[in-house]
Amino acid sequence: MECEPGEENAAPRTEPAAARGCHGIGRACELLTDTGLAKDRWKLLQRVLKQKRVDKENRQQVSIRKSLTFNVFYTDVVKKLEADSDNEMWVEYTCIPYPQHRVYIRHSVGPLNVEDVLTSFDNTGNVCIWPSEEVLAYYCIKHSEIFRGLAVCELGGGMTCLAGLMVAISADVKEVLLTDGNEKAIRNVAEIIERNKKHGLFRAGSVSSRIMRWDNEMDVSLLEGHFDVIICADCLFLDLYRASLVDAIKRLLKPNGKVLVFAPQRGSTLNQFCSLAEKACLTAQRLVNYDDHVWNFHLKMKNEKTERYDENLHYPVLITLTKQGTAICPHPS
C-alpha cells in the first residue's frame with residue numbers, strides 16, 4: 001500500500017514523534033521527515049493487509065512518529081495523573097506567536113495498533129498532527145475575529161481536532177463541533193474537551209464532538225444547513241471520500257457560510273477537490289501565500305533542498321469555499 005487506492009500520485013504520509021518535544025521550540029525537537037521510515041511503515045501495512053497479522057518487533061519498529069512542523073506551537077508534556085494509562089500522554093500546546101492561547105491534548109504513545117488500522121474507519125488522521133492541521137490551528141487563532149458569534153464545525157479532525165479546539169479557546173464563538181469518522185478518535189476528542197473544560201480554557205458557548213462520516217446520510221442530514229463556518233485540514237487525498245466530503249460541506253453549510261480548507265497539493269488531489277467543489281456550485285478561492293511566518297518558513301525549507309521538506313506533501317494551500325454568489329476574500333498576512 002504505497003499510497004491510498006487510486007492515489008498513485010499522492011505520496012504516503014509520515015508520522016511525528018508523539019508530541020515528545022515541540023511544534024516549535026520545546027524539548028527533544030526531532031520532528032523531521034524520515035522518508036525511509038515512512039516507506040517501511042507502508043510496506044508493513046501492505047503485508048498486514050495481505051496476511052492480517054504482524055509480529056511485535058516490526059510493529060514497534062514502525063510506531064515511531066516523525067514529521068515536519070512549521071514552528072507555530074510549543075509543546076510541553078503534562079505530569080501524569082493516576083487515572084492516565086501508560087499508553088497515553090497529555091501535552092500542553094501553546095501557540096508561539098500568541099502564547100495566551102493554549103490547550104491540553106491527549107496523545108497515544110503506544111505502538112501503532114494494526115488492528116485499529118485494519119478494522120476502523122480512515123485512520124490516516126489518527127496517528128499525529130499533520131502540518132496542515134497545525135497551520136490551520138495557528139491561522140484560526142490569528143484570525144479569531146472571523147468566528148465571533150458563529151457556529152463552527154471541524155470535519156475530519158482526527159485524534160485531536162487541534163484547529164477546532166483553538167477556535168474554541170481563542171474566539172467568542174457560539175458553538176464548536178469537532179468531528180471525525182473514526183470512533184476511537186472521537187472518544188479521545190471527548191476526553192480532551194472535558195479536560196480543557198475543567199481548566200476553564202474555552203471561550204466558546206458550546207464545545208462538543210461527534211462521529212461524522214461524510215458518506216453517511218444520517219450523520220449529515222441531522223446537521224444540514226447548521227454551520228456558519230466549516231474548517232478542514234488535509235482531508236482531500238482519499239479518492240473514495242473526496243466527493244462525499246464536497247457533498248457534506250455543501251449540505252452542512254448555511255447559505256452565506258464559508259469553508260476554510262488547508263491541504264497540500266499531494267499530486268493532483270487538491271485540484272481534483274476544487275474541481276468537484278465547483279461542479280457542486282461552490283466557489284473556490286485558492287491562496288498560497290496567506291501568512292508571512294508560514295510562507296517564510298516554506299521558502300527557507302525549499303532553499304535548503306533536503307529530503308526533510310517536500311512542498312507537495314508539507315505546504316498547506318488555503319482553499320476558501322462559499323456557495324455561489326457569496327464569495328469572500330480570505331485574510332492576507
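Note: hydrogens, waters and symmetry copies are ignored here, and every other heavy atom, side chains too, is used. The residues of the chain are indexed from 1 along the displayed sequence. Just so we're clear, the structure is a prediction, and the values are computed from it rather than from any experiment.
- Shown here are the side chain to side chain contact (heavy atoms under 4.5 Å, CB included) partners of Ala204, two or more places apart in sequence or in another chain: Ala168, Val173, Val176, Val207.
- Sorted by first and then second residue, the ring pair (Phe, Tyr, Trp, His ring centres under 6.0 Å) pairs with a member in residues 246-273 read Tyr139-Phe262, Phe262-Tyr290; sequence neighbours excluded.
- Classification of the Phe70-Phe297 ring pair by plane angle, with boundaries at 30° and 60°, yields tilted.
- Taking the side chain to side chain donor-acceptor pair (under 3.5 Å) definition, one finds that Glu217 meets it with Arg251, sequence neighbours left out.
- In this structure, the side chain of His298 does not engage the main chain of Val294 through any donor-acceptor pair within 3.5 Å.
- Considering only residues two or more places apart in sequence or on other chains, Tyr138 meets the side chain to side chain donor-acceptor pair (under 3.5 Å) condition with Asp291.
- Looking at Leu177 and Thr179, their side chains come closer than 4.5 Å, going by heavy atoms from C-beta outward.
- Lys254 pairs by the salt bridge (charged side-chain N to carboxylate O under 4.0 Å, His left out) definition with Asp228, not counting sequence neighbours.
- Within the 4.5 Å cutoff, side-chain heavy atoms of Val317 are placed close to those of Leu270.
- Taking 4.0 Å as the cut-off between side-chain N and carboxylate O, Arg266 and Asp234 count as a salt-bridged pair.
- Take Ser85 and apply the side chain to side chain donor-acceptor pair (under 3.5 Å) test, not counting sequence neighbours, and it matches Glu88.
- Ring orientation note: the planes of Tyr93 and His107 are tilted relative to one another, at an angle of 30° to 60°.
- Every residue two or more places apart in sequence or in another chain was checked for a side chain to side chain donor-acceptor pair (under 3.5 Å) with Glu278, and none qualifies.
- Among residues at least two apart or in separate chains, ring pair (Phe, Tyr, Trp, His ring centres under 6.0 Å) pairs with a member in residues 160-211 are Tyr104-His199.
- Remark: His226 engages no residue in a ring pair (Phe, Tyr, Trp, His ring centres under 6.0 Å) (not counting sequence neighbours).
- Side chain of Lys323 to main chain of Cys281: no donor-acceptor pair is present (N/O by atom type, distance under 3.5 Å, no hydrogens or angles).
- For residues 150-172, every residue pair satisfying the salt bridge (charged side-chain N to carboxylate O under 4.0 Å, His left out) rule, not counting sequence neighbours, is listed here: Asp172-Arg203.
- In the hydrophobic clustering of ILVMFWY residues, with side-chain heavy atoms under 4.5 Å counting as a link, Val220 and Ile186 come out apart.
- With sequence neighbours left out, Lys300 forms a salt bridge (charged side-chain N to carboxylate O under 4.0 Å, His left out) with Glu304.
- Under the 4.5 angstrom side-chain criterion for Ile, Leu, Val, Met, Phe, Trp and Tyr, Leu81 has no cluster partners at all.
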